[in-house]
There are 2 protein chains.
Amino acid sequence: MIEYASQPHYLVAVDCIVFGFDGESLKLLLVKRGLEPEINKWSLIGGFVGPEESTDDAANRVLKKNTGLDGIYLEQFKVYGQPNRDPIERILSVAYFALIDINKYSAQLNNDFQAEWFPVNEKPELIFDHNTMVSDARKRLRYKAALHPILFELLPKKFTLPQLQTLFEEVNDTKMDTGNFNRKMNSTGLLVRLDEKDKSSSKKGAYYFKLNHKKYRSDFHLVLNLMPNLRLDI
Amino acid sequence: MIEYASQPHYLVAVDCIVFGFDGESLKLLLVKRGLEPEINKWSLIGGFVGPEESTDDAANRVLKKNTGLDGIYLEQFKVYGQPNRDPIERILSVAYFALIDINKYSAQLNNDFQAEWFPVNEKPELIFDHNTMVSDARKRLRYKAALHPILFELLPKKFTLPQLQTLFEEVNDTKMDTGNFNRKMNSTGLLVRLDEKDKSSSKKGAYYFKLNHKKYRSDFHLVLNLMPNLRLDI
DNA sequence: GCAAAAGTGTTAGATCTACACCCATGC
DNA sequence: GCATGGGTGTAGATCTAACACTTTTGC
């Protein structure tokens, strides 16, 4: 007869792949690890799951501690459960990806914690299986972003169509046709054009848009066809 | 300074939502639970994760034990990590959904284990949060099946277009236009028509098809548009 | 005026949807 | 011959991809 008491118990952690976007490239928030083994090496933001909290709670707590932010877009995407993924002791890690508005929060991040933003294609080597986690998270982000408008979570309140297109191109590692992109975005009803223009990157200037939050909430689960020729790994 | 030793350890389990299809309705494989608490109540197939195995290994082992089958289509989809989900002690559960060909394996299942197939809409109440798991698994199956040809995993070697359509309709809880469905399926290149017909459900008979395995493997990650007007929860 | 980025228009082709219509066969 | 489920055809609407074109404005 199987009983609970005779079964092995394990450490359980959460790790967060935190994405940001600075208008040019997709970025990743990494921290210098604060405990042995591999102390002071780059790692994902993570921590152990406490006895009174769910894994979601733990991920939010860890993010809050490292970024000062509440209410971040957070999505659990995979458990890493290989018995030997940590050299000291078995730890199961529940991985989350997080999307944050980099502009809003960068000041706090860089001062209060040993956190640093890296362009996603120029990240340092990470500890353990964190490199795999990042790779998996990028795939998952790509998948979700092709079907749902989650990338708006990465943008500031005001943004331009060229910025939005760059973001899509970064996430999908591809180039898109501007005409078709604009038409598609405008047809979703998710964008509200403002009168103001951003002239920082062109003479003509690009209109600022804001998100139609009502439409965003109501149509979030509607599957859009945001990327042509979609081929997705996961 | 945080150290591993001072952190809490938890039980970790896997639970499998096993789907089957008998040609008419989508089914769920459930077992009578074999340990306290809630012994002899209906539950998902599950078990504790052993010290030397990954969670994937554990899911495969548990499935093998309960179904006699190797090489089942298996996909991890969520961790259930609420601290109080089990009344005795905290257990984190890694949930997998599995797709199996019901015809091939039903004999073994029903004899050797206390396993039973239930139509997915007529399942009994399950223990703990297993009802939520089933509901989440159905959503995830729906999502994936709308974009990738995974439902073939549920079908026998030979199947007809009407059967396939019924399966899609069951999974998505909707009705589809036969003409459009057939055209779409044939255009994927995934089907190979056989000479034989199934006359069991009509006078004219429906051609049997088999899966083009090569195409299935090569195009698996290509995102198809298998369902119109898609709205997906997860 | 010219260069450069933003944004609009156009067009051929593909796909989608709804629905009408033929097919094969057991009774 | 007719009912029944299987399967095909078709026309209009919609969507797509590619690319040419216009707009704006700092220099």
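Chain letters run A, B, ... following the sequence lines, proteins first and then strands; every chain starts at 1.
In this structure, CG of A:Asn180 is placed 13 Å from P of D:dA20, rounded to the nearest angstrom. The NZ atom of B:Lys175 sits 18 Å away from the P atom of C:dT17 (whole-angstrom rounding). Distance CG (B:Asn186) to P (D:dG6): 15 Å, rounded to an integer number of Å. Rounding to whole angstrom units, OH of residue A:Tyr207 and P of D:dT25 are separated by 9 Å. Whole-Å rounding puts the A:Asp177 CG to C:dT11 C1' distance at 14 Å. In this structure, CD of B:Gln165 is placed 13 Å from P of D:dT8, rounded to the nearest angstrom. Rounding to whole angstrom units, OH of residue B:Tyr208 and P of D:dG7 are separated by 12 Å. The nearest whole Å value for the distance from the CZ atom in A:Phe181 to the P atom in C:dA5 is 18 Å.
Side-chain atoms of B:Arg183 come within donor-acceptor range of the base of D:dT10, with a qualifying N/O pair under 3.5 Å. Counting distance only, with no hydrogens placed and no angle test, the side-chain atoms of B:Lys204 and the base atoms of C:dA24 include no donor-acceptor pair under 3.5 Å. Below the 3.5 angstrom threshold, one finds no donor paired with an acceptor across the side chain of A:Asn225 and the base of D:dC15.
In summary, B:Lys144 and B:Glu75 engage in a salt bridge, as defined by a charged side-chain N under 4.0 Å from a carboxylate O. Salt-bridge formation is not detected for the pair A:Lys32/A:Glu116: no Lys NZ or Arg NE/NH1/NH2 atom is positioned less than 4.0 Å from an Asp or Glu carboxylate oxygen.
The residue A:Ser201 sits close only to the backbone: its heavy atoms come under 4.0 Å of sugar-phosphate atoms, none of a base.
At distances below 3.5 Å, not a single donor-acceptor pair connects side-chain atoms of B:Gln76 with backbone N or O atoms of B:Asp56.
In the set D:dA17, C:dG7, C:dA18, the nucleotide with an atom closest to the side chain of A:Thr178 is C:dG7. Residue B:Pro162 places its side chain closer to D:dG7 than to any other of D:dG7, D:dA17, C:dC19.
The residue among A:Gly179 and A:Ser202 whose nearest nucleotide of DNA chain C is located toward the 5' end is A:Ser202. Residue B:Gly205 is the one, among A:Lys203 and B:Gly205, whose nearest nucleotide of DNA chain D lies closer to the 5' end (criterion: closest heavy atom).
Taking all atoms of both residues into account, the shortest heavy-atom contact from B:Lys123 to B:Phe118 is CA-CB, 4.2 Å.
For the pair B:Lys199 and C:dT25, the criterion of a side-chain N or O lying under 4.0 Å from OP1 or OP2 is met. Using a 4.0 Å cut-off, no side-chain N or O of B:Asn182 falls inside it from OP1 or OP2 of D:dG6.
With ring centers used as reference points, A:Phe152 lies under 6.0 Å from A:Phe159.
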